[in-house]
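These notes concern the structure reproduced below.
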There are 2 protein chains.
Amino acid sequence: MDELQLAEQMLSCVTKMRRALDERLKVYGLSVPRKRVLGALTEGPVRQGTLAAAFAVTPRTITELVDGLQRDGLVERRDDPADRRARLVCLTPAGRLADEQAKAARAEVIGGMFADLPAEDRAALARILTSIDHRLGAVPLDERTR
Amino acid sequence: MDELQLAEQMLSCVTKMRRALDERLKVYGLSVPRKRVLGALTEGPVRQGTLAAAFAVTPRTITELVDGLQRDGLVERRDDPADRRARLVCLTPAGRLADEQAKAARAEVIGGMFADLPAEDRAALARILTSIDHRLGAVPLDERTR
DNA sequence: TATTGTTATACTCTATAACTATA
DNA sequence: TATAGTTATAGAGTATAACAATA
């Protein structure tokens with residue numbers, strides 16, 4: 001099965017990438033989901049419900065993640081002046097620092113992956129992945145915040 | 001960052017693929033790791049330690065997975081006649097059936113992903129992924145059993 | 001009535017460490 | 001002394017369901 005092998009190669013690459021990333025993020029007390037939350041807060045406070053929708057997880061999952069990040073002093077919860085039911089999550093200075101360090105670590109890992117890949121291969125890869133991505137359905141997550 | 005975007009596209013594709021797979025496997029009481037174990041047993045009984053090495057996880061993780069699969073009647077543990085410390089894991093008829101159904105479901109999901117991709121794009125993708133995979137380090141897992 | 005986020009509860013996958021049985 | 005796999009314990013990430021406060 002040709003297709004199965006392609007899928008396995010993609011899985012293999014991504015698995016290794018995630019492992020490498022997790023390894024690097026651990027230094028800053030982060031994980032991929034935790035980093036994803038921090039990354040979503042750099043522009044300013046965000047509601048928990050918005051985060052849940054952005055990452056396509058349940059509100060419960062966000063409660064859990066934010067609890068942990070708050071415990072570690074990386075984020076704060078504030079009341080939303082516009083809706084007293086809602087909570088706004090925002091970065092602390094420590095959280096902003098961790099996010100920036102994590103961003104640099106991530107760039108390093110990913111840079112290593114594609115380092116020697118010729119420009120035309122990058123273009124081809126981007127084009128092919130885009131078409132596969134579309135075939136798999138509309139983008140439900142804000143992948144840019146990973 | 002061009003490279004970051006490529007990485008995000010790969011993550012997005014694989015995330016969606018995993019979700020689609022998980023959704024389909026759930027019907028058979030399986031998950032991706034559980035299916036992976038079943039798939040490794042189709043040729044015959046395998047020691048737990050061998051499974052741990054093949055998937056690059058700790059023996060503890062295999063104990064957990066095999067416990068669950070055994071509870072559901074999909075695998076059995078047997079004594080290894082060659083080493084009384086070791087346990088051989090083997091498929092039950094129900095496990096073999098589940099594995100085959102899961103395989104078909106997987107082929108369907110993956111077939112859909114690559115359905116309309118031209119042959120030259122498949123070849124390019126395979127070549128590029130192979131080079132990235134190598135750059136990420138030697139293959140520690142038996143990816144074929146996924 | 002509907003929505004926001006919490007508690008309560010539970011499952012899967014993963015890990016480390018200590019231990020038992022065997023080699 | 002080393003190995004195979006278990007118990008014991010833990011933690012992250014995820015889910016559903018019931019509920020409180022608010023809209």
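Just so you know, these numbers come straight off a predicted model, no measurement behind them. Within every chain, numbering begins at 1; the chains are lettered A, B, ... in the order of the sequence lines, protein sequences first and strands thereafter.
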Integer-rounded Å distance: D:dG13 P and A:R34 CZ: 7 Å

Side-chain N or O of B:T63 closer than 4.0 Å to phosphate OP1/OP2 of D:dT6: yes

Contact pattern, 5' to 3', of nucleotides 15-23 of chain D - B, S or - by protein heavy atom under 4.0 Å: BB----BBS

Protein-nucleotide distance (B:D67, atom CG; D:dT6, atom C1'), rounded to Å: 9 Å

Partners passing side chain to side chain contact (heavy atoms under 4.5 Å, CB included) against B:E76 (at least two apart in sequence or in another chain): B:R78, B:C90, B:T92

Pairwise 5' ranking along DNA chain C for B:D72 and A:T50, keeping only the more 5' one: A:T50

Gap between atom CG of A:L11 and atom NZ of A:K16 - 0.5 Å precision: 11.5 Å

Listed partners of B:R84 passing side chain to side chain contact (heavy atoms under 4.5 Å, CB included), at least two apart: none

Non-neighbouring partners of B:E100 that pass salt bridge (Lys or Arg N to Asp or Glu O under 4.0 Å), sequence neighbours left out: none

Residue list, salt bridge (Lys or Arg N to Asp or Glu O under 4.0 Å) with B:D22, at least two apart or on another chain: none

Between P of D:dG5 and CG of B:L88, the distance in whole Å: 8 Å

Whole angstrom value for the distance that separates P of D:dT7 from CD1 of B:I62: 15 Å

Side chain to side chain contact (heavy atoms under 4.5 Å, CB included) partners of B:P118, counting only residues at least two apart: B:E120, B:D121

Salt bridge (Lys or Arg N to Asp or Glu O under 4.0 Å) contacts touching residues 47-60 of chain B (sequence neighbours left out): B:R47-B:D80, B:R60-B:E64

Angle between terminal axes - the helix from C:dT1-D:dA23 to C:dA23-D:dT1, 5 pairs each end, rounded to 10°: 20°

Whole angstrom value for the distance that separates C1' of D:dG13 from CG of A:L51: 15 Å

Chain B contact limits on DNA chain C, taken 5' to 3' with a cut-off of 4.0 angstrom to heavy atoms: C:dC13 to C:dA23

Touch class at under 4.0 angstrom, heavy-atom based, for A:L65 against every strand present: sugar-phosphate

Results of salt bridge (Lys or Arg N to Asp or Glu O under 4.0 Å) for A:D99 - residues two or more places apart only: A:K35, A:K103

A:D133 side chain near B:Q9 side chain, heavy-atom distance below 4.5 Å: no

Set of residues satisfying salt bridge (Lys or Arg N to Asp or Glu O under 4.0 Å) with respect to B:R85, sequence neighbours excluded: B:D83

Side chain to side chain contact (heavy atoms under 4.5 Å, CB included) against B:D79, all qualifying residues, sequence neighbours excluded: B:R87

